[in-house]
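Note sheet for the following structure.
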Amino acid sequence: MPDTAGAVDEAEAALAGRLASALDTRTTGRPVLLLVEGAAGTGKSRLVDRIGKASAGSVRRAVPGEPPAGDGPVLLVVEDVHRAPAADTARLRALLADPPAHLACVLSYRPEELAEPGLVLGPGTDFPAALTVVRHVLGPLGVPDVHRMAADALGADRCTAGLAAALHRASGGVAQTVVDLLGLLAASCPAADRPHPGDLDRLGVPPRLGALTLRRAAAVPEEHRRIVFAAAVLDEPAASRDLAAVAGLPGRAGSEGLSAALRAAVLEERGDGRYGFGSPLAAAAVRRSVPGPVREVLHRRAARLLTGRRPVPWERVAGHRRACGDERGWLRAVERAARQFEEAGEQQRAVGLLESALATGPVPERARSRLAMLLARSAVVGLRSDETLKVLRHIVADPGLPPAVRGEIRLDLGLLLCNQMGEVTEGRDELARAVDDLTGRPVPLARAMSALAMPYGPDASFAENVLWIERAVRVAEESGDPVVRAAVAANRVSVLLNSGDPAARPLIESLPRDSDLVGCRQQTARGLCNAADAVVWLGRYEETHALLTEGVTLAARSGAAYAEQTGRGCALVLDWATGRWSGLADRCRAFVAEAGDMPYLASDARMVLGLLCLARGEWADTLHHLTGPGAADLDTGPVPISATVSGALIRLALAHDDVVGAAAEAAAAWKRLRAKGIWAWAAELAPWAVEATLRAGDALTAGAMTEEFAAGLAGHDAPSADAALAWTRGVLAEHTGGRAEAVACYERSAAAYRALPRPYHAALTAASAARCALAPEEDGGSAVAVLTDCAAAFDALGATWDAARTRADLRRHRPAGERRSPGRPRYGDVLSPREAEVAELAAAGMSNREIAATLHLSPRTVEQHIARALQKTGVHSRQQLARALGPASP
């Protein structure tokens with residue numbers, strides 16, 4: 001069994017200390033009685049034991065009837081008073097009627113099992129005025145407490161908020177049940193795996209809870225036990241009349257049955273005139289014990305009861321109808337429940353219900369088609385599900401499916417593949433087939449066309465995307481359907497904005513934010529989040545923030561889960577671009593973990609992690625995040641991410657002096673971008689691609705690339721790409737002998753980046769301008785000052801590698817008057833500035849040769865610096881050196 005003591009240890013110790021102080025008769029000057037009240041499993045014995053250990057007096061446990069001996073302070077502890085024989089409770093009453101002044105007494109009990117409710121020592125319970133009486137009630141744990149217990153038992157990295165919430169729901173917050181569930185979970189889940197909330201369903205009822213619940217149920221007279229069975233079948237707090245109706249115990253028989261169940265403590269009052277079990281697991285224990293034929297009758301009555309409510313809880317009705325064998329009624333209820341969820345914007349709940357229905361045995365053809373269409377429609381708005389994908393592929397392959405039905409399902413299958421699954425090529429193929437199937441059906445046809453217009457994928461040029469959106473707009477207008485009009489309008493905004501077309505901005509304001517239709521609000525949320533993603537690549541950061549704030553909020557309110565997640569991913573890119581790097585790596589890692597089996601959704605976060613690692617010199621991690629498992633494929637993934645990743649890979653290759661590899665990556669990335677035709681997305685690629693081409697000795701191609709980039713931006717609103725164009729021209733000028741022109745271009749780029757603001761890129765280009773302004777034989781005071789400021793800017797961001805490179809340039813170009821005098825300064829046991837710099841890069845994972853290239857040192861000098869750093873910090877490896885130097889800033 002896992003050790004969960006640490007989860008509440010500190011708080012419990014503090015509570016025990018306070019209660020022990022209250023029991024100190026030397027302070028109070030009078031006898032004290034502490035009543036520790038709590039239902040079964042709430043931790044009374046543990047708390048009483050802690051109180052005893054924290055008490056200052058002479059402490060001993062005793063059974064009722066043992067008189068307190070001696071004159072000094074005595075603590076008398078009696079546990080489980082509800083089980084005490086009558087003779088013992090009589091002795092306790094007698095003792096407490098005239099207690100010695102030095103007596104402190106602790107009584108623990110289950111209030112639900114007292115012979116007389118509220119009377120701890122039976123009908124004669126009475127506390128004299130001379131006795132101080134304190135009562136402490138132990139109730140269910142809250143979700144945070146359960147989360148801490150689970151983290152202690154399983155490990156913080158294996159306990160998600162969703163798992164903690166599921167544990168709390170299943171256990172009802174009863175501490176002992178939580179401990180038992182965690183023990184079962186730890187035994188059934190491999191240590192390397194992260195438990196999922198669904199794993200709790202497979203654990204069953206913990207034996208301890210099952211035995212307690214069934215023992216109490218058996219104590220209810222048989223003629224009244226059907227009330228307990230009815231409560232187990234309903235599985236929610238219910239009014240007495242509802243329990244009686246499902247049990248088939250009308251009038252007085254129902255009231256007597258409920259009273260008997262309450263006396264036996266198998267049911268409890270749950271507030272607002274409702275009664276039920278303390279936890280869903282307790283209900284499951286009883287439900288499992290009910291004979292099958294009796295259980296079927298109860299489920300049939302429960303379904304009939306619930307269909308009389310307004311609104312009808314169709315999901316629960318479906319469960320009851322299925323449990324009593326009514327298959328036709330079950331499928332009708334499933335369909336109604338799914339539509340109910342869809343209308344309420346709860347698509348993810350609809351997906352789960354429909355998946356379960358379609359995966360359960362043979363479903364009649366007509367019902368199967370209707371349910372599959374509902375599933376497909378809900379899945380597109382929700383999050384990824386491999387089960388949904390499997391079901392939809394199977395249904396689309398059915399040759400007997402009517403073409404119109406196949407077209408609608410194929411449409412949503414294509415959207416699911418493109419969005420949640422990240423299978424863009426296969427998804428667009430399905431969409432193209434859907435267009436053929438949907439001829440004459442303008443609503444789904446417009447959706448398919450507008451989906452084919454989305455510009456992120458590399459398989460179609462931007463010109464083709466524009467043609468599709470123009471066709472979709474015409475068909476949507478013909479349809480007259482407000483939801484499909486909203487969907488097409490949202491996609492039109494994306495198409496125009498991503499190219500930097502100013503005509504897109506008025507369209508954002510026309511999206512139907514306040515529509516009465518949930519579908520319109522969901523499409524608007526998607527449009528706003530997609531618009532934010534478009535303008536973050538353009539460099540319009542204030543606008544990005546405003547669109548994200550509105551879009552993510554609307555997505556959460558309308559149930560557009562996928563749009564909400566894309567908005568959160570875009571926020572990570574915004575933080576990276578604008579220099580909000582503090583804690584950004586942790587936020588990205590959390591987002592990747594949350595995305596789980598939807599790596600496509602986490603492509604923004606993985607990209608940002610890779611870029612942060614590159615700036616810190618953590619080059620192995622850079623490659624892992626940018627090209628490892630789960631990373632976006634450069635040839636099939638979203639083009640703006642592919643271009644950015646390629647830019648980072650080119651820069652990494654250049655840092656390793658792999659000019660051939662850098663030039664090859666540049667050529668491949670440029671070819672992808674040219675085929676797409678959206679040059680605003682070259683902002684993160686162009687400077688590095690042109691530099692790699694120049695260093696490979698192909699100045700002619702580099703010049704053509706620069707001019708192609710400039711021509712592609714003409715007439716488009718893309719400030720980030722404009723800044724990158726000035727940077728690219730600076731690179732070209734620097735490598736072709738135009739030093740003055742290079743300085744001017746770099747400075748113009750730095751000023752543009754500062755205005756956006758993009759502090760990291762501003763520092764990169766300002767440092768390039770300063771470096772270019774200096775010749776090796778010259779002293780340049782103003783340029784050196786700029787390099788000093790840039791190094792400080794990199795330090796503030798946590799860009800370790802860039803800061804080290806810049807300081808190396810500073811040392812090479814520092815004016816003669818500022819160079820240190822001959823001789824080595826003495827730093828004793830403290831790292832010198834150069835040792836600290838080398839140690840920081842070594843801790844990041846860079847090799848001696850890489851550090852030497854970065855700092856313009858010999859590998860031998862680097863080796864000596866690292867040896868001294870290890871000696872001074874008292875560690876024995878580069879990995880330990882990373883811990884000794886402390887965490888990186890981001």
Side-chain angles (χ1 to χ4, degrees), residues 422 456 529-530 532-541 544-545 547-548 552 564-596 598-634 637-652 669 681-685 687-688 720 724 753 756-764 793-794 796-802 844-845 887-890:
Y456 296 105
C529 291
N530 285 350
D533 187 68
V535 296
V536 78
W537 292 110
L538 297 178
R540 296 289 186 188
Y541 301 128
T544 303
H545 183 268
L547 288 166
L548 279 178
V552 170
E564 183 182 357
Q565 292 296 90
T566 57
R568 290 177 56 209
C570 177
L572 299 173
V573 179
L574 176 63
D575 286 348
W576 167 74
T578 55
R580 289 192 284 268
W581 289 13
S582 179
L584 179 56
D586 288 338
R587 296 198 295 278
C588 288
R589 281 189 284 268
F591 192 84
V592 170
E594 189 177 334
M598 291 181 288
Y600 186 77
L601 194 60
S603 54
D604 284 337
R606 292 183 186 277
M607 178 195 73
V608 171
L609 275 171
L611 296 171
L612 291 171
C613 288
L614 177 60
R616 294 198 295 256
E618 297 170 357
W619 290 346
D621 289 337
T622 300
L623 283 174
H624 171 73
H625 293 307
L626 297 183
T627 63
D633 183 84
L634 295 181
V639 177
I641 289 179
S642 295
T644 301
V645 169
S646 286
L649 294 176
I650 292 166
R651 190 182 180 203
L652 185 58
W681 291 344
E684 312 306 320
L685 169 67
W688 308 114
S720 185
Y753 280 128
L756 288 178
R758 291 194 71 169
Y760 179 60
H761 288 67
L764 285 174
F794 289 134
L797 287 165
T800 310
W801 177 50
D802 293 293
S889 298

Between [X] and [Y], what is the shortest heavy-atom contact and its length?
X: S642; Y: L634; value: OG-O, 3.1 Å
X: C570; Y: V536; value: SG-CG1, 4.0 Å
X: L623; Y: T627; value: O-OG1, 2.6 Å
X: I641; Y: A632; value: CG2-CB, 4.3 Å
X: Y456; Y: N530; value: OH-O, 3.7 Å
X: V592; Y: A605; value: CG2-CB, 3.7 Å

Do [X] and [Y] have side chains that get closer than 4.5 Å, going by heavy atoms?
X: L626; Y: R606; answer: no
X: S646; Y: E684; answer: no
X: Y760; Y: F794; answer: yes
X: V608; Y: H625; answer: no
X: H624; Y: L609; answer: no
X: L547; Y: C529; answer: no
X: D802; Y: L797; answer: no

How long is the gap from [atom1] on [X] to [atom2] on [Y], to the nearest 0.5 Å?
X: R580; Y: T578; atom1: CZ; atom2: OG1; answer: 3.5 Å
X: R758; Y: L764; atom1: CZ; atom2: CG; answer: 9.5 Å
X: C588; Y: D604; atom1: SG; atom2: CG; answer: 9.0 Å
X: D533; Y: L538; atom1: CG; atom2: CG; answer: 10.0 Å

### Query
Taking S720 for the side chain and G539 for the main chain, is one N or O donor matched with an acceptor at less than 3.5 Å?
no
### Task
Without swapping roles, check the side chain of R651 against the backbone of W688 for a donor-acceptor pair under 3.5 Å.
no
### Task
Please report the C-alpha distance between D621 and L614 in whole Å, then the side-chain angles of each, then the deciding distance to 0.1 Å, and finally whether the side chain to side chain contact (heavy atoms under 4.5 Å, CB included) criterion is met.
CA-CA 8 Å; D621 289 337; L614 177 60; over 6 Å; no
### Message
Could you tell me if R616 sits above the aromatic ring of W581, with its cationic atom closer than 6.0 Å to the ring centre and no more than 45 degrees from the axis?
### Response
no
